[in-house]
Amino acid sequence: MDDKGEILSSCEVDENIDLQIWTKGLSPRLVIRNKNQNSKKLIRLNWLENRERKLSVKGKKRGSSVEYGLGDLLPHLQRILSEYAVYSPFKPHLWKFAVTLEKVLHTPAIVSEKGELSLLPEEKRSCLWIADLTGGKKGEGYFRPFFPLSEKEREALPEAGLPIVENRRSVEDLFKTGAIRKLANQTPSRWHRTIRVMSAAMLLAFSFCEEDGSEFSDELWREENPENPLTFRIDDPRLMGLGRKFVGYARHFQAVDKITVRASYDSDKELQDDRYTRKRRVEFPVGLLGDVEYSVTFFEREDEMMALGCKPRGATLRHKGDLIYVFPAPVYSDALIHDSFGGAPDDYFTVMQLTSAKEFERWMNNVVPYIASFAGIV
């Protein structure tokens with residue numbers, strides 16, 4: 001924190017601390033001012049995402065301390081962030097960036113060879129749309145959704161997809177069909193809400209779904225150079241995987257609430273005690289499920305329930321012990337189909353998609369309480 005920045009909002013919590021929002025024209029920081037010690041601590045907003053976190057500050061008496069839960073501070077944090085949104089350029093930035101981000105996330109993958117449709121590379125399987133140019137004259141085809149449609153959403157899209165003519169296959173051309181707006185109107189929680197949460201979280205330097213994207217957050221605030229505007233893609237390394245996790249959530253939106261996840265110190269024993277039978281094990285290299293290798297064991301039960309026991313092969317700060325995902329067996333068989341676009345099913349990719357979907361859901365639930373009142377989230 002330096003003299004060149006400014007405090008845009010402030011709130012007295014009690015006789016011990018004040019909370020403030022400070023910025024230097026980039027993403028904001030939270031300032032915790034200890035009135036007893038006349039000291040300040042500057043932290044990024046991603047610190048707030050762990051709802052179990054405690055804030056401990058030195059008390060008036062030597063050796064004493066005062067502890068606060070984030071739940072106790074939530075009303076104060078909501079207030080100063082709402083004031084910050086009013087007194088800073090946040091809202092116009094949010095509107096502009098949400099438009100940009102939506103186009104990035106809906107950019108179609110172009111497929112011009114029939115053989116590629118049955119064996120799409122991962123970068124194209126991580127897109128929400130396929131620009132299918134394989135079936136007709138050169139430059140003609142269809143925008144085809146790479147996600148299952150709800151009953152309401154089917155009203156927004158023709159069964160065959162959206163026609164592509166004269167090689168008009170860009171994301172701008174997709175938006176001109178009006179289908180994206182119709183989808184957002186039919187299921188705002190799937191399409192509108194997620195984009196707003198992501199956009200606000202990125203501008204405010206919350207985590208990028210538990211990954212540190214603070215450098216990119218600051219970059220979003222720097223004045224654009226008209227000759228070299230900021231551009232990025234869904235698989236841009238600066239997004240820290242956030243774009244692909246959004247795709248997992250959006251694609252499996254109708255299944256996410258059927259999946260539960262919990263931590264366990266011994267997933268094998270816990271699931272076997274719960275009458276699950278171990279079926280097979282798949283090893284996931286570093287980067288596919290997290291920052292370490294994972295061994296994922298598939299379990300099944302007679303009542304058509306499935307479970308995944310995910311064991312980290314090294315130390316990770318993301319969770320304690322193993323992770324257990326539980327869901328009805330049809331959820332997994334349907335997910336294999338939804339992730340393949342008519343090609344061969346892929347356990348690796350579908351496990352990544354389902355676990356990413358739950359991670360994205362949890363992240364949104366942690367961020368939304370801080371931003372819902374001023375970020376246009378319904």
Side-chain angles (χ1 to χ4, degrees), residues 27 46 49 93-94 96-111 120-131 143 145-147 170-172 174-175 180 183-184 187 189-221 229-253 256 287-291 318 335 338-339 341 346 348-368 371 375 377:
S27 56
N46 59 18
E49 292 177 39
H93 270 66
L94 175 61
K96 183 178 179 181
F97 180 60
V99 172
T100 299
L101 181 62
E102 185 176 40
K103 289 181 179 178
V104 168
L105 297 175
H106 283 282
T107 299
I110 298 170
V111 178
L120 289 172
E122 186 174 318
E123 66 181 58
K124 295 188 178 182
R125 283 182 288 164
S126 297
C127 293
L128 287 170
W129 297 87
I130 298 295
F143 290 116
F146 197 169
F147 52 88
S170 71
V171 68
E172 300 288 351
L174 173 59
F175 269 79
I180 306 300
L183 288 173
T187 321
S189 56
R190 185 181 194 177
W191 304 112
H192 175 78
R193 184 175 187 267
T194 48
I195 300 294
R196 297 295 289 192
V197 172
M198 290 176 69
S199 301
M202 292 172 71
L203 288 171
L204 294 171
F206 280 91
S207 78
F208 286 16
C209 209
E210 299 188 3
E211 300 287 350
D212 183 7
S214 53
E215 288 188 11
F216 192 41
S217 291
D218 283 344
E219 193 172 348
L220 296 175
W221 282 92
L230 176 67
T231 59
F232 59 100
R233 305 185 345 163
I234 194 170
D235 57 353
D236 193 307
R238 294 173 296 176
L239 282 181
M240 311 298 290
L242 179 59
R244 291 190 173 188
K245 290 173 184 176
F246 160 78
V247 169
Y249 179 81
R251 180 174 292 153
H252 299 291
F253 178 78
V256 169
L288 294 188
L289 295 184
D291 54 350
R318 299 168 67 87
H338 298 325
D339 287 332
F341 205 74
D346 183 342
Y348 279 98
F349 188 72
T350 292
V351 169
M352 289 166 54
Q353 287 277 283
L354 293 178
T355 56
S356 291
K358 287 303 289 186
E359 185 179 351
F360 187 90
E361 178 190 50
R362 176 176 176 272
W363 172 75
M364 280 208 308
N365 290 341
N366 285 337
V367 170
V368 163
I371 64 177
I377 296 167

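- Considering all non-hydrogen atoms of both residues, Val104 and Arg233 come closest at CG1-C, 3.7 Å.
- Counting heavy atoms from C-beta outward, Asp339 and Asp346 have side chains that stay 4.5 Å or more apart.
- Between Phe206 and Ile371 the shortest side-chain heavy-atom distance falls below 4.5 Å.
- The two residues Met240 and Gly213 come nearest to each other via the heavy atoms CG-CA, 4.2 Å.
- When all heavy atoms are compared, the tightest approach of Thr194 to Ser189 is CG2-O, 3.8 Å.
- Judged by the 6.0 Å and 45° rule, Arg251 forms a cation-pi pair with Phe146.
- Rounded to the nearest 0.5 Å, atoms NE2 (His93) and OG (Ser199) are 12.5 Å apart.
- Judged by distance alone, the side chain of Lys124 and the main-chain N or O of Ile110 form a donor-acceptor pair under 3.5 Å.
- Side chains of Lys103 and Leu174 form no contact here, defined as non-hydrogen atoms less than 4.5 Å apart.
- Expressed to the nearest 0.5 Å, how far CG of Asn46 lies from OG of Ser217 amounts to 8.5 Å.
- Using cut-offs of 30° and 60° on the angle between ring planes, the pair Tyr249 and Phe253 is perpendicular.
- The shortest side-chain heavy-atom distance between Lys358 and Glu361 falls under the 4.5 Å cut-off.
- Aromatic ring centroids of Trp221 and Phe97 lie 6.0 Å or more apart.
- Closest non-hydrogen pair, Leu128 versus Ala250, comes out as CD2-CB, 4.2 Å.
- With values rounded to the nearest 0.5 angstrom, Asp291 atom CG is found 10.5 Å from Glu210 atom CD.
- With sequence neighbours left out, the side chain to side chain donor-acceptor pair (under 3.5 Å) criterion links Glu359 to Lys245, Arg318.
- One distance of note links OG of Ser214 with CG of Leu204; it measures 13.0 Å at 0.5 Å rounding.
- Contact check for Met364 versus Arg193: side-chain heavy atoms found under the 4.5 Å cut-off.
- Considering all non-hydrogen atoms of both residues, Leu94 and Ala200 come closest at CD1-N, 3.5 Å.
- Rounded to the nearest 0.5 Å, atoms CH2 (Trp191) and NE2 (His106) are 5.5 Å apart.
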Exercise. Determine, stepwise, if the pair Leu105 / Met198 fulfils side-chain contact (heavy atoms from CB on, under 4.5 Å).
Key: CA-CA 11 Å; Leu105 297 175; Met198 290 176 69; 3.9 Å; yes

Under the criterion side-chain contact (heavy atoms from CB on, under 4.5 Å), I'd like the reasoning laid out for Arg244 against Met352: C-alpha separation, chi angles, the key distance, then a yes or no. CA-CA 10 Å; Arg244 291 190 173 188; Met352 289 166 54; 5.8 Å; no

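- Judged by the 6.0 Å and 45° rule, Arg125 forms a cation-pi pair with Phe349.
- Taking the six-membered ring where the residue is Trp, the centroids of Trp129 and Phe147 are separated by under 6.0 Å.
- Within a 6.0 Å sphere centred on CD of Glu215, heavy atoms belonging to other residues, nucleotides or ligands number 12 at most.
- Here the two rings, on Phe216 and Phe232, have centers that are under 6.0 Å apart.
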Practice prompt. Start with the C-alpha distance between Leu242 and Met202, add both sets of side-chain angles, then the distance that settles side-chain contact (heavy atoms from CB on, under 4.5 Å), and finish with yes or no.
Written response: CA-CA 10 Å; Leu242 179 59; Met202 292 172 71; 3.9 Å; yes

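- A heavy-atom distance below 4.5 Å is not found between the side chains of Cys127 and Thr107.
- Shortest non-hydrogen contact noted between Glu49 and Ser207 is OE2-N, 2.5 Å.
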Under the criterion side-chain contact (heavy atoms from CB on, under 4.5 Å), I'd like the reasoning laid out for His192 against Thr187: C-alpha separation, chi angles, the key distance, then a yes or no. CA-CA 8 Å; His192 175 78; Thr187 321; over 6 Å; no

